[in-house]
Amino acid sequence: MATITSASLPRPATRGEAKLFAEFRAFWRAFVAKAFNPYRPELHYMRGPGPAWRAKHVGLSPAVQSMLAEIRTSKARRSSPSA
C-alpha cells in the first residue's frame, strides 16, 4: 500500500520582504558600481596651471632678475670676439 505525504513548499515572499530584498540588492549594485568604477577624473583634469601660465603671470624676484642679468652679460662677453 502506498502512502501519500505532502511536501511543504516554500511560502511565497510577502510584498514587504520582496521590497526589502529589492532595496538591498539595489544598494549593493550601486555600491559595487561606484566602488569599482575605473573612471577617476581628478587624475586627469584637475592639475592646475602649467609652466607657461607661471612664466606669464608670476613675476621674478629682484635677486633672480640680477642673476639672469649677470648670466646674460657673461654669455655676451664669451660670445664677443676678443682682440
Side-chain angles (χ1 to χ4, degrees):
M1 182 152 61
T3 58
I4 299 175
T5 58
S6 63
S8 61
L9 298 174
R11 64 178 177 82
T14 63
R15 285 186 184 174
E17 290 173 347
K19 184 178 177 184
L20 182 65
F21 180 70
E23 288 178 6
F24 180 74
R25 192 171 60 177
F27 167 79
W28 278 107
R29 186 174 291 157
F31 174 78
V32 168
K34 288 180 183 177
F36 298 105
N37 186 359
Y39 178 64
R40 304 269 312 272
E42 69 273 8
L43 297 178
H44 305 286
Y45 300 114
M46 300 177 215
R47 293 186 178 167
W53 183 90
R54 287 187 186 91
K56 182 178 179 183
H57 291 89
V58 178
L60 297 176
S61 68
V64 173
Q65 288 177 353
S66 66
M67 190 183 331
L68 287 174
E70 289 176 18
I71 292 170
R72 288 183 186 128
T73 56
S74 67
K75 283 185 177 180
R77 285 182 196 154
R78 276 189 258 152
S79 65
S80 66
S82 50

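For the atom pair CG (Leu20) and CZ (Arg25), the distance works out to 12.0 Å, reported to the nearest 0.5 Å.
The aromatic rings of Phe24 and Trp28 lie perpendicular to each other, with more than 60° between the two planes, well past the 30° mark.
Phe36 CZ: 12 or fewer foreign heavy atoms inside a 6.0 Å radius.
By the 4.5 Å side-chain criterion applied to Ile, Leu, Val, Met, Phe, Trp and Tyr, Ile71 is assigned to a cluster that also includes Met67.
Every residue meeting the side-chain contact (heavy atoms from CB on, under 4.5 Å) condition with Leu68, not counting sequence neighbours, appears here in chain and number order: Leu60, Val64, Arg72.
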